[in-house]
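Working notes, beginning with the structure itself.
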Protein chains: 2
Amino acid sequence: MQKRDKISLSVIRRLPRYYRFLDDLRSNDILRISSRELSERMGITASQIRQDLNCFGEFGQQGYGYNVDLLYNEICKILGVEKGYKTIMIGAGNLGRAIATHMNFGRLGFNLIGIFDNNEYVIGKKLMGIEILPNENLESFCGEYNPTAAILCIPKDSAQEMCDQLIHFGIIGFWNFSHYDLGLLNPNIVVENVHLGDSLMILSYRMQKQMEDVK
Amino acid sequence: MQKRDKISLSVIRRLPRYYRFLDDLRSNDILRISSRELSERMGITASQIRQDLNCFGEFGQQGYGYNVDLLYNEICKILGVEKGYKTIMIGAGNLGRAIATHMNFGRLGFNLIGIFDNNEYVIGKKLMGIEILPNENLESFCGEYNPTAAILCIPKDSAQEMCDQLIHFGIIGFWNFSHYDLGLLNPNIVVENVHLGDSLMILSYRMQKQMEDVK
DNA sequence: TAGATTGTTAATCGATTAACAATC
DNA sequence: TAGATTGTTAATCGATTAACAATC
């Protein structure tokens, strides 16, 4: 699977983007592509593409380039999107409900099997065919079904406590929307903190800059 | 505002995180903090903090550290979150509605003034006190209110076309949720592409890695 | 075979960390 | 004043880009 020992996070963060572009090429029935042409489409250097891919294997062929389908499937495997990690969601408020309905979990490597909330108005309702259960059921649910990933759509204040609890119940991967930086302490878990607010503030900064430059 | 000429994106992307941690310190009535202590809380080096902040000015004091409130306000200004850019949202499906209700735009530098969709079932309904209008009203609306930012919660296929149109109507900043890499062509606009799927795939990769390592 | 393009090494560039004089 | 901690320069580290021999 992997040629090099330690693959840098910079490389890993680019993989999904390759994956998307290759998927696009596939849908357009493009069978082969050179690093140069892909680099032009993606706005990065061909050198970087070749370096990145060679962390994982030799997927190309001199004089030919890369077979789109083959490369797509390799990145699929590298990312592990066929694993379908059993996943629970904590918090079925506005954001949780939107994430649950909007994301194509199956294609992204996850399998949503449980949704939990403490609000009596949503408990018992269904989302994507899944009944929303009260948080108190978490332990027994995890005991029975052994999910490995959790999506946190809960407020900042309860995030760390919930995280600790879930680790105890066997969760090792967290997709965290709670405006809180999870995972600074525990090196045995994997966390993707999604900070939508940060992204918006960065846009604000850059718009400001852009407007100054135009002036 | 700014000491150095060109500030790297790496630095900028860390600013909102400083902002959040400082906000937290404020709420806990902590008046001063040294780069060393902040570095321990944030899990980065003190050196990096001092370097980052010194891109913008000299906000600390030798032997004392940084005044939390002062630094918070400086970062506020740097990020431009007091600007309140007039903003429109395109697409009021699941995700759009959740974003509209969930984000605290005011605190993040934006002011949501219009929401647009083409689905007859949502047109006319209200979200956060704003009536959802049909896309055909976009031009006249922009002509009248001159928004500068747009949030795209629309499908991939229509993203580029919509973007081009909105540039024409005066939009310069895009917060893009459409699974499409906007802004590769036009250097006069500012784009924050939010790829939730990418984040999830990265989690998948890292969980896989984590499980291998434990074995 | 000749042309194209990879995989990989070397060179460059930029970002992070360390060190320390300046100074509160 | 003595201790603490900044701002800043220098050293290190890592990531990106360039170059090119290998080879399809």
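Letters go in sequence order (proteins before strands), and every chain restarts at 1. These figures come from a predicted structure and were not determined experimentally.
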- Taking only residues two or more places apart in sequence, or in another chain, which ones meet A:His179 in a ring pair (Phe, Tyr, Trp, His ring centres under 6.0 Å)? B:His102
- Query: If we fit an axis to the first five pairs and another to the last five of the helix from C:dG3-D:dC24 to C:dC24-D:dG3, what angle do they make, to the nearest 10°?
  - Reply: 10°
- Message: Can you confirm whether or not the ring centre of B:Tyr85 sits under 6.0 Å from the ring centre of B:Phe110?
- Response: yes
- Query: Taking atom C1' of D:dT16 as reference, at what distance in whole Å does atom CG of B:Leu9 sit?
  - Reply: 15 Å
- Message: I need the CG-P distance between B:Leu70 and D:dT6, as an integer number of Å.
- Response: 14 Å
- Note on the structure: Counting primed atoms, P, OP1 and OP2 as sugar-phosphate and everything else as base, the B/S/- map of nucleotides 18-24 of chain D against protein heavy atoms under 4.0 Å is BB--BBB
- Query: Is there a donor-acceptor contact under 3.5 Å from the side chain of A:Glu139 to the main chain of A:Leu166?
  - Reply: no
- Taking CG from A:Asn54 and P from C:dT6, how many angstroms apart are they, rounded to a whole number? 10 Å
- Is the NZ or CZ atom of A:Arg32 positioned over A:Tyr64's six-membered ring, under 6.0 angstrom from the centre and within 45° of the axis? yes
- Query: Atom CD1 of A:Ile49 and atom C1' of C:dT5: how far apart are they, to the nearest Å?
  - Reply: 13 Å
- For residues 149-160 of chain A, the side-chain hydrogen bond (donor to acceptor under 3.5 Å, both in side chains) pairs (sequence neighbours left out) are A:Lys156-B:Asp24, A:Gln160-A:Asp164, A:Gln160-A:Tyr180
- Message: Less than 4.0 angstrom from a charged side-chain N to a carboxylate O is my criterion; do B:Glu192 and B:Arg13 meet it?
- Response: yes
- Query: Any chance the rings of B:Tyr18 and B:Tyr72 have centres within less than 6.0 Å?
  - Reply: no
- Any pair with a residue in residues 47-58 of chain A that passes salt bridge (Lys or Arg N to Asp or Glu O under 4.0 Å), sequence neighbours left out, goes on the list, sorted by first then second residue, please. A:Lys3-A:Glu58, A:Arg14-A:Asp52
- Message: If we count only N and O atoms by modelled type, under 3.5 Å, do the side chains of A:Arg17 and B:His195 hold a donor and an acceptor together?
- Response: no
- Task: Verify the contact: side-chain N or O of B:Tyr66 to OP1 or OP2 of D:dA4, cut-off strictly under 4.0 Å; return yes or no.
- Result: no
- Note on the structure: The correct set of residues in residues 19-44 of chain B placing a heavy atom under 4.0 Å from DNA chain C is none
- Message: Would A:Phe116 and A:Phe141 count as a ring-ring contact (aromatic ring centres under 6.0 Å, His included) here? Give the steps.
- Response: CA-CA 10 Å; A:Phe116 298 84; A:Phe141 185 95; 5.2 Å; yes
